[in-house]
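Because the structure is predicted, anything quoted here is derived from the model rather than measured. Residue numbers begin at 1 in each chain, while the letters A, B, ... track the order of the sequences.
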2 protein chains.
Amino acid sequence: MKNTIADIAKIVGVAKSTVSRYLNGGSVSDVTRRKIEQVIKDTGYIPNSFAQSLKAKKTSMIGAIVPRLDSFSASQTVTGMDEELRQNGYQLLIVNTNQNLSREIEALYDLARQKISGIILFATEITQAHLTAVEEIGIPVIFLGQQHQKVYSIIYNDFAAGYDIGQYILTKGHRKIAYLGVTEKDEAVGLQRKLGFQKAVKEQEKAEVDFFESGFRMSAAVEAASGILDGLDRPSAIVCATDNIALGVMKAAHMRGIQIPKDLSVTGFGGYEVTEMIHPGLTTVKYGYWDGGCLAARQIIRLVHEESVDSLTVLHYEFMERESVDNVE
Amino acid sequence: MKNTIADIAKIVGVAKSTVSRYLNGGSVSDVTRRKIEQVIKDTGYIPNSFAQSLKAKKTSMIGAIVPRLDSFSASQTVTGMDEELRQNGYQLLIVNTNQNLSREIEALYDLARQKISGIILFATEITQAHLTAVEEIGIPVIFLGQQHQKVYSIIYNDFAAGYDIGQYILTKGHRKIAYLGVTEKDEAVGLQRKLGFQKAVKEQEKAEVDFFESGFRMSAAVEAASGILDGLDRPSAIVCATDNIALGVMKAAHMRGIQIPKDLSVTGFGGYEVTEMIHPGLTTVKYGYWDGGCLAARQIIRLVHEESVDSLTVLHYEFMERESVDNVE
DNA sequence: CTGAAAGCGCTTACAG
DNA sequence: CTGAAAGCGCTTACAG
């Protein structure tokens with residue numbers, strides 16, 4: 001249970017190096033091989049990976065730093081990443097920062113200490129500390145979800161998606177619209193989606209838009225929606241920055257007997273599976289989170305192998321028209 | 001960037017041991033301390049954790065082996081676990097087996113090789129191979145979600161919850177019921193919930209129940225539900241083994257113009273956040289996944305410290321009555 | 001408070 | 001094919 005390569009070498013009656021060679025697929029005679037096999041099986045010997053890594057000076061581990069695990073996007077992305085990584089012989093080490101920015105920085109250094117080969121950071125906000133850390137640790141890092149010129153980045157095209165949603169809502173005849181977003185500190189979700197939406201709005205003179213902010217949780221959205229819905233001048237459509245927020249808005253509407261889409265149109269962002277199951281189906285933008293995870297994995301592997309990688313990759317999205325938006329004449 | 005304790009010792013002009021002592025909070029004079037501090041900062045020295053662990057012969061890592069990450073229960077549990085672990089100075093290493101039983105076994109050995117201090121396994125099916133592995137690796141293991149006498153286990157009271165749901169449905173007057181479950185290989189979700197439900201049914205002579213099986217995905221549930229809904233003799237209620245399945249059933253019903261709960265009652269298991277947001281709200285049983293994760297973390301830490309732990313812990317649940325079940329007279 | 005030395009468990013040229 | 005030896009980067013008694 002607690003034996004080393006020396007122990008089993010002694011039992012078999014060979015040198016440590018022979019056992020090591022056996023373990024690493026080096027040349028060993030058939031007789032010796034069989035003996036070693038047997039003894040390893042009998043003793044239940046398990047190599048100490050620290051000692052291995054200490055010599056090898058690297059691991060086959062890739063670190064993922066995520067702000068949270070309990071979100072659709074995060075879990076999908078991580079799953080795709082994990083799949084791809086394993087197929088290439090890498091192991092994924094996930095660090096959950098619980099939306100704490102300074103923990104991201106710590107995690108960066110932590111992972112470096114553990115001689116992780118590469119790191120994928122699910123970015124929300126990029127600070128100077130991030131950039132400094134990335135530079136200091138000297139191992140490949142990819143930002144997923146946000147971009148920065150100095151770091152390899154993979155992003156979803158949030159601006160374009162926001163623009164599409166905006167155009168769609170306007171095409172449907174809505175002129176009094178509420179945009180329920182999240183903090184602009186989140187560059188992609190908070191800012192880019194809104195900016196894209198705003199661009200569409202600016203192209204339509206008559207549109208009147210009020211902007212509101214919500215937290216990410218459904219319960220926060222229910223509350224934020226209440227303020228909008230109980231106002232005197234209720235909008236005909238609420239554009240939400242995430243599907244979760246849209247779900248909260250739908251709930252708040254339902255609690256007031258407001259029918260969707262007849263009395264109120266709603267859109268989301270994300271394309272969570274559940275948005276297709278509910279009634280009415282939520283019109284939203286679907287991101288390929290799983291694919292994003294896969295791609296990030298492939299790129300980090302290339303980087304580890306010192307192969308070239310595009311410094312910025314923009315991922316596709318899909319507009320999903322369902323039943324939550326009505327025509328307004 | 002690539003310096004060792006020897007490098008920085010040389011620069012400072014002291015012995016490696018002094019630097020090591022500094023790093024580990026041993027006694028070092030103020031002057032030396034300051035010099036070392038400076039040099040470490042300048043050089044960006046990061047200790048090699050392999051070398052550290054090789055001596056220390058243990059890590060402060062706990063492994064979690066999970067069948068999948070992209071489920072509400074898994075992500076909630078992992079998040080709770082992670083929180084508790086970090087607060088106690090442990091790091092969580094998550095291994096996703098993607099519902100592949102043999103990968104669970106591999107993961108057990110893998111983690112042992114990495115000198116993980118303890119392992120929490122999100123169990124669905126327990127085989128002899130599991131038991132053998134647990135024994136061979138000789139480090140603390142906790143099964144979460146399934147029980148076995150030979151291993152520390154934490155379970156949700158699925159049997160009792162199934163019984164409650166059964167009783168509730170019967171009290172509401174339903175006599176023709178469909179139970180849409182999952183494979184019995186999943187002892188907790190597939191078997192115990194059904195068994196509890198069956199017990200309730202047996203206490204009510206007139207009840208007529210048909211049993212069906214579905215996959216775990218919403219889309220699989222939509223399909224499975226279709227078979228039930230399109231049959232000649234449609235039940236007045238469908239009891240689903242998970243909330244996801246219930247969501248799929250609701251979708252399938254909606255697609256056919258079947259109203260819930262007027263034409264069809266539906267229940268779930270799980271208590272996913274979204275079940276409260278949809279309309280009608282889903283009557284279900286809510287498990288404290290986050291708490292379960294926390295508790296598992298606390299227990300594995302006790303085990304690592306060689307403190308005693310109950311061999312079986314049964315977690316609470318909460319019956320959530322909402323609007324998806326109608327009275328039948 | 002500080003340093004020299006041994007050792008953690010493995011791998012890797014280098015001889016044979 | 002096999003073995004002796006050095007070394008990976010750190011920690012830890014043991015002296016001083």
Side-chain angles (χ1 to χ4, degrees), chain A residues 1-37 39-40 43-61 109-117 137-139, chain B residues 1-37 39-40 43-61 109-117 137-139:
Chain A
M1 207 132 291
K2 223 161 175 19
N3 27 32
T4 75
I5 206 171
D7 296 329
I8 92 115
K10 189 186 298 174
I11 300 180
V12 181
V14 295
K16 292 190 307 177
S17 25
T18 307
V19 180
S20 175
R21 235 176 275 118
Y22 162 81
L23 255 15
N24 296 292
S27 47
V28 180
S29 75
D30 259 20
V31 199
T32 328
R33 174 187 311 283
R34 238 162 328 219
K35 277 198 221 151
I36 298 181
E37 239 154 32
V39 174
I40 285 185
T43 55
Y45 166 69
I46 298 178
N48 179 327
S49 67
F50 293 129
Q52 292 180 149
S53 305
L54 182 55
K55 281 302 286 187
K57 291 203 164 181
K58 55 150 204 135
T59 59
S60 49
M61 283 213 240
Y109 289 106
D110 256 26
L111 292 176
R113 194 134 35 79
Q114 293 180 54
K115 300 298 177 225
I116 289 278
S117 301
I137 61 179
I139 54 183
Chain B
M1 208 132 291
K2 206 119 199 48
N3 26 32
T4 75
I5 207 172
D7 297 329
I8 92 116
K10 190 186 295 172
I11 300 180
V12 180
V14 294
K16 292 190 308 178
S17 26
T18 306
V19 179
S20 175
R21 236 176 274 118
Y22 162 81
L23 254 16
N24 295 292
S27 47
V28 180
S29 75
D30 260 18
V31 198
T32 328
R33 175 186 311 283
R34 241 164 323 220
K35 276 198 220 151
I36 299 181
E37 240 154 32
V39 174
I40 286 184
T43 54
Y45 167 70
I46 298 178
N48 180 327
S49 67
F50 293 129
Q52 293 181 149
S53 304
L54 181 56
K55 282 301 287 188
K57 292 204 163 181
K58 55 149 204 132
T59 59
S60 49
M61 283 212 239
Y109 289 106
D110 256 26
L111 292 176
R113 194 135 36 79
Q114 294 182 52
K115 299 299 177 226
I116 290 279
S117 301
I137 61 178
I139 54 183

Specify the separation, in whole Å, of atom [atom1] of [X] and atom [atom2] of [N].
| X | N | atom1 | atom2 | answer |
| --- | --- | --- | --- | --- |
| B:K16 | D:dG9 | NZ | C1' | 7 Å |
| A:L23 | D:dC1 | CG | P | 17 Å |
| B:D7 | D:dC8 | CG | P | 11 Å |
| B:R113 | C:dG9 | CZ | P | 16 Å |
| A:Y22 | C:dT11 | OH | P | 13 Å |
| B:Q52 | D:dC8 | CD | C1' | 14 Å |
| B:K10 | D:dG9 | NZ | P | 12 Å |
| B:K115 | D:dC10 | NZ | P | 20 Å |

Below the 4.0 Å mark, does [N] have OP1 or OP2 next to a side-chain nitrogen or oxygen of [X]?
| X | N | answer |
| --- | --- | --- |
| B:S17 | D:dT11 | no |
| B:Y45 | D:dC10 | yes |
| B:T32 | C:dT2 | yes |
| B:T18 | C:dG3 | yes |
| A:N24 | C:dT11 | yes |
| A:S20 | C:dT11 | yes |

Point to revise | Which residue lies more 5' along DNA chain D, comparing B:N48 with B:R21 via nearest heavy atoms | key: B:N48
Exercise for review: For A:S20 and A:K16, indicate whether the former's side chain and the latter's backbone hold a donor-acceptor pair under 3.5 Å.
Suggested key: no
Check your understanding: The side chain of A:T4 lies closest to which of these nucleotides: D:dC10, C:dT2, C:dC10?
Key -> C:dC10
Point to revise | Among D:dC10, C:dA4, D:dG3, the one nearest B:I5 by side-chain distance | key: D:dC10
So do [Y] and [X] actually touch side chain to side chain, heavy atoms under 4.5 Å?
| X | Y | answer |
| --- | --- | --- |
| B:T4 | B:N48 | no |
| A:Q52 | B:F50 | no |
| A:L23 | A:I5 | yes |

Point to revise | From OG (B:S17) to CG (B:N24), nearest 0.5 Å | key: 11.5 Å
Review point. Quick one: CG on B:D110 to CZ on B:R113, what's the gap to the nearest 0.5 Å?
Key: 4.5 Å
Practice item. Using Watson-Crick or G-U wobble pairs with both distances under 3.5 Å, give me DNA chain C in dot-bracket, 5' to 3', with [ ] for crossers and | for pairs to another strand. Key: |||.||||||||.|||
Exercise for review: May I ask you to say whether A:D7 pairs ionically with A:K10, meaning some side-chain N is under 4.0 Å from a carboxylate O?
Suggested key: no
